[in-house]
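Data first, discussion second: the structure below is written as structure tokens.
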Amino acid sequence: MASRAPRSVLVSRRFYARPADALAVALLGRTLVRVLDDGTRLAGRIVETEAYLGTEDRAAHCFAGRRTPRKESMYARPGTAYVYFTYGMHHCFNVVCGRVGTPAAVLVRALEPVEGHEAMRRLRSARRAGSVPDTHLCSGPGRLCEAMGIDLKDDGVDLADPASRLFIVRGAGRLSADESVRNTARIGVAYAGDWADRALRWFIVGNPHVSRGGSREGSGGSGRRPLA
DNA sequence: CCACAGATTCTCT
DNA sequence: GAGAATCTGTGGC
């Protein structure tokens, strides 16, 4: 009966207690799970992440030690969710990491849907006319929050608590033998001076669910381009 | 497929 | 009052 148990094993709190760049890589291939109020289970494999290192990182919200009510979750213990609202209409989901009191986190930028596709499609199509294709369900930080029903109510949630309706499990494993990881500069942080060029964004090469954000390599897009 | 402009509201200065 | 760790539709090639 419990033979499939490993697929659902919750990621331990200690897993999150490492620097953001290390966690950004380690999260690739893990599965983010959401249990909706009606019991529907949604799950997506993490395929793209970005690291925000902390008070030294000019691109990070807590650069120079900024601490406001909004950013409070960033100072919580590792494994805490940091969710914020931006551009007047989108939410972004982050995983707090490092040590307590050090505001570091990993932004989850894209998921490969593995469970609850139709529920995700409904959530994504709620304020929209047409139907959303699978590759557009969770391919971007704002998109995945909408598809997973993540918003400000999830800010501060403990992802390492089995009782939470939002958590991360080991999943079927890490990466397939034919998958590889690549890193580039982060998306949307051009204002960050030297830090804008740091290669702190990681993604699974060629995966069609990776966001298209940077117009650089990694969109996976049509996937027709042979991998060099 | 690629580039660009508009949307829309919360937060901090 | 300015700016934002973004997304979508439209228009051009």
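Naming: A, B, ... by sequence-line order, numbering from 1 per chain. On a predicted model such as this, the values are computed, not experimentally measured, just so you know. FYI, side chains are in, hydrogens and waters are out, and symmetry mates aren't considered; it's all heavy atoms of this structure.
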For residues V114(A) and R45(A), determine if any side-chain heavy atom of one lies less than 4.5 Å from a side-chain heavy atom of the other.
yes
What contact category does R67(A) fall into here, base, sugar-phosphate, or nothing, at under 4.0 angstrom with non-hydrogen atoms?
nothing
Would you say R143(A) places a side-chain N or O within less than 4.0 Å of OP1 or OP2 belonging to dT8(C)?
yes
Could you state the OH-P distance from Y82(A) to dA5(C), rounded to the nearest angstrom?
9 Å
Taking atom P of dT8(B) as reference, at what distance in whole Å does atom CD of E146(A) sit?
14 Å
Rounding to a whole Å, what distance do you find between L200(A):CG and dA5(C):P?
15 Å
Using whole Å, what does the distance between atom C1' of nucleotide dT6(C) and atom CD of E50(A) come to?
12 Å
Check R198(A) with D21(A), please: is the shortest side-chain N to carboxylate O separation under 4.0 Å?
no
Among the nucleotides dT8(C), dA5(C), dC7(C), whichever has the atom closest to the side chain of P141(A) is dC7(C)
Can you tell me the distance, in whole Å, between the CZ atom of R186(A) and the P atom of dT6(C)?
11 Å
Might you confirm whether atom CZ of R99(A) has over 12 heavy atoms from other residues, nucleotides or ligands at distances under 6.0 Å?
no
Look at R143(A) together with E146(A) and state whether they make a salt bridge at an N to O cut-off of under 4.0 Å.
no
Check this one for me: any side-chain N or O of R212(A) less than 4.0 Å away from OP1 or OP2 of dA3(B)?
no
Rounded to whole Å, CZ of F63(A) lies from P of dA5(C) at a distance of 14 Å
Taking the cut-offs as 6.0 angstrom to the six-membered ring centre and 45 degrees off its axis, would you call R18(A) and F15(A) a cation-pi pair?
yes
Report the secondary structure of DNA chain B in dot-bracket form, marking unpaired bases with a dot and bases paired to a different strand with |, and treating Watson-Crick or G-U pairs with both distances under 3.5 Å as paired.
|||||||.||||.
Does CD in E56(A) sit with more than 12 non-hydrogen atoms of other residues, nucleotides or ligands closer than 6.0 Å?
no
Expressed in angstrom and rounded to an integer, what is the separation of K71(A) atom NZ from dA5(C) atom C1'?
13 Å
Rounded to whole Å, please give me the gap between CG in L137(A) and P in dT8(C).
10 Å
Within residues 83-96 of chain A: residues closer than 4.0 Å to DNA chain B (heavy atoms):
F85(A), Y87(A), G88(A), M89(A)
Starting from the 5' end of DNA chain C, give me the residue, R124(A) or V189(A), whose nearest nucleotide shows up first.
V189(A)
Name the one of N207(A), V181(A), V205(A) that satisfies side-chain contact (heavy atoms from CB on, under 4.5 Å) with L175(A)?
V181(A)
Look at D154(A) together with R34(A) and state whether they make a salt bridge at an N to O cut-off of under 4.0 Å.
yes
Show which residues join Y84(A) in its hydrophobic cluster (side-chain heavy-atom contacts under 4.5 Å, direct or indirect), or state none.
M74(A), Y75(A), Y82(A), V96(A)
